[in-house]
A.B. asks: 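The structure is given below, and queries will be raised subsequently.
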Amino acid sequence: MKVRASAPSNIALIKYMGKVASSGNKPTNPSISYTLDHLITQVELEKIDGSEDRWEPLKEQGFGDIELSEKGRAKFLTHFALLKKEMNGHGSWLIRSANNFPSDCGLASSASSFAALTRAAAAAFKPGFDEKTLSKLSRKGSGSSCRSFFTPWAVWEDEGARAADVPYSGLLHAAVIVHAGVKEVSSSDAHVRVATSPKFEGRPERAEQRLRELVSAMRESDWASSYKLIKAEFEDMHQLFESSAEPFRYRNKKSQAVVDACQHIWNFKNDGPWVTMDAGPNVHLLYRPDQLELAEKMVKHFRDSHVVMTSWSGLK
Ligand code: DP6
């Protein structure tokens, strides 16, 4: 028996950073994300003889090979064990997965991977589960994956995510890959370490307030105020990393140069892309569909020094 499922990635504009201890990835603050429908993980489950589940890369045209670290593999298999338990699944399974984007391009695949695995398990064991239930289950594997069940916008507070009513859609996404190597501090570790920063005091309230302000700015189609809030948010998160008891940083000079170049465009035109960064050095840009010309110009410029992956013209 074989089943398949896929799920997209997402980029948070108000970030999930900090977890309630021993809660199965319940966040200390609500978050909101835009779903990246072009960045997809495909998972195939095949029932096998034997006493344990295994993982291997899925060979699929148009999909790159994933290399999972020992830790990454263990986290994936542990989540599958939990899904089997919650869905009354039985037997041993071979899990195969692949991303439609290169694994070495510095884009996180944990959201799409865990959401796709959760969907595949439901296809095998519990086809009747709705997306809300799947979102809650997926959260237990990797928090940010719970937002990948809804598109184009998802809000997540507490147990699982739901679709958010925001008027922007069809946004153009560009990821400027300033560094594609493996991170020294995983996002799971970052969640623990931020709590040691003196700036973590008041962080849940700050994030919640910013989320409220961002949703209302977006509902008023106020792109410029949204840009300011989104920028303040990722800077807040990175300051937590950099001021934790054992400080660590993901931002480097190249990331800062990309962020500054975007600010320069904003200063000049009073318009530009939304800019955000996750727990890594790469910079994510979102443009409205009517900004395509600007997006192409900026991407061409960034491609002089970096790989840029876009939702409209792929990876270069
Ligand atoms: C910075 O979902 O990767 O991307 O729950 O430990 O698997 P775990 O963490 P993860 O954290 C992602 C954090 C972030 C911000 C976000 O996506 O909201």
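As the structure lists them, so they are numbered: ligands from 1, and atoms in each ligand from 1.
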A.B. asks: Please check this pair: side chain of Glu201 against backbone of Pro198, looking for a donor-acceptor N/O pair closer than 3.5 Å.
C.D. replies: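 No, the answer is negative, given that no donor and acceptor are paired below the 3.5 Å cut-off.
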A.B. asks: Among Val192, Asp278, Asn10, which one puts a heavy atom closest to atom 4 (O) of ligand 1?
C.D. replies: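 Minimum heavy-atom distance to atom 4 (O) of ligand 1 goes to Asp278.
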A.B. asks: In the protein, which heavy atom is nearest to atom 9 (O) of ligand 1, and how far is it?
C.D. replies: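 Looking only at protein heavy atoms, the one closest to atom 9 (O) of ligand 1 is His191 NE2, 3.2 Å.
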A.B. asks: Assess Lys75 against Phe114: is NZ or CZ under 6.0 Å from the centre of the six-membered ring, and within 45 degrees of the ring's axis?
C.D. replies: yes
A.B. asks: Looking at ligand 1, would Lys75 count as a contact under a 4.0 Å heavy-atom criterion?
C.D. replies: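 Under 4.0 Å: yes for Lys75.
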A.B. asks: Walk me through whether Glu233 and Leu214 qualify under side chain to side chain contact (heavy atoms under 4.5 Å, CB included).
C.D. replies: CA-CA 10 Å; Glu233 169 63 9; Leu214 177 60; over 6 Å; no
A.B. asks: Output, in order, the C-alpha distance, side-chain angles, deciding distance and verdict of salt bridge (charged side-chain N to carboxylate O under 4.0 Å, His left out) for Glu46 and Arg96.
C.D. replies: CA-CA 8 Å; Glu46 183 180 1; Arg96 293 193 181 93; 3.0 Å; yes
A.B. asks: Give me the nearest non-hydrogen protein atom to atom 3 (O) of ligand 1 as residue plus atom name, then the distance to 0.1 Å.
C.D. replies: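 Heavy-atom neighbour on the protein nearest atom 3 (O) of ligand 1: Ser187 OG, 2.9 Å.
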A.B. asks: Which residue holds the protein heavy atom closest to atom 16 (C) of ligand 1, what is that atom called, and what is the gap in Å?
C.D. replies: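 Answer, as residue, atom name and distance: Arg147 NH2, 3.3 Å.
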A.B. asks: Out of all atoms in ligand 1, which are within 4.0 Å of some heavy atom of Ala12? Include the element for each.
C.D. replies: 16 (C), 17 (O), 18 (O)
A.B. asks: Would Gly143 count as being in polar contact with ligand 1, using the rule that some N or O on each side must be under 3.5 angstrom apart?
C.D. replies: yes
A.B. asks: Taking 4.0 angstrom as the limit, do Glu60 and Arg4 come out as a salt bridge?
C.D. replies: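 Answer for the salt bridge query: yes.
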A.B. asks: Does only the side chain of Ser110 get under 4.0 Å from ligand 1, or the backbone, or both, or neither? Count heavy atoms.
C.D. replies: side chain
A.B. asks: Relative to Trp156, does Arg162 satisfy both conditions: NZ or CZ under 6.0 angstrom from the six-membered ring centre, and within 45 degrees of the ring's axis?
C.D. replies: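 No, cation not above the ring by the 6.0 Å, 45° rule.
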A.B. asks: Which of the numbered atoms in ligand 1 are below 4.0 angstrom from a heavy atom of Lys19?
C.D. replies: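 Going through ligand 1 atom by atom, the ones under 4.0 Å from Lys19 are 5 (O), 6 (O), 8 (P).
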A.B. asks: Has Arg210 got a side-chain atom pairing as donor or acceptor with Ile14's backbone, closer than 3.5 angstrom?
C.D. replies: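 Looks like no, no N/O pair under 3.5 Å.
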A.B. asks: Nearest protein heavy-atom contact for atom 13 (C) of ligand 1: which residue, which atom, what distance?
C.D. replies: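 Answer, as residue, atom name and distance: Tyr16 O, 3.5 Å.
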A.B. asks: Could you tell me which atoms of ligand 1, counted from 1 in the order shown, lie closer than 4.0 angstrom to a heavy atom of Asn25?
C.D. replies: 5 (O)
A.B. asks: Taking both backbone and side-chain atoms of Ser142, is any N or O found less than 3.5 Å from an N or O belonging to ligand 1?
C.D. replies: yes
A.B. asks: Using a 6.0 Å cut-off, check whether atom CG of Asn270 has over 12 heavy atoms from anything other than its own residue.
C.D. replies: no
A.B. asks: What about Ser144: any of its N or O atoms under 3.5 Å from an N or O on ligand 1?
C.D. replies: yes
A.B. asks: Using heavy atoms and a 4.0 Å limit, tell me yes or no: is Ser31 in contact with ligand 1?
C.D. replies: no
A.B. asks: Evaluate the ring planes of Tyr168 and Trp274, with Trp represented by its six-membered ring, and classify them as parallel (under 30°), tilted (30 to 60°) or perpendicular (over 60°).
C.D. replies: perpendicular
A.B. asks: Please check if the distance between the ring centroids of Phe76 and His79 is under 6.0 Å.
C.D. replies: no
A.B. asks: Quick check: Lys15 and ligand 1, any N/O pair under 3.5 Å apart?
C.D. replies: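 No, since none of the N or O atoms of Lys15 sits under 3.5 Å from an N or O of ligand 1.
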A.B. asks: Can you report which non-hydrogen protein atom sits closest to atom 1 (C) of ligand 1, along with the distance?
C.D. replies: Ala279 N, 3.6 Å
A.B. asks: What atoms of ligand 1 come within less than 4.0 Å of a heavy atom belonging to Ser188?
C.D. replies: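 What qualifies from ligand 1 is 6 (O), 7 (O), 8 (P).
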A.B. asks: Is the distance between the ring centroids of His38 and Phe101 under 6.0 Å?
C.D. replies: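 Not under 6.0 Å, so no.
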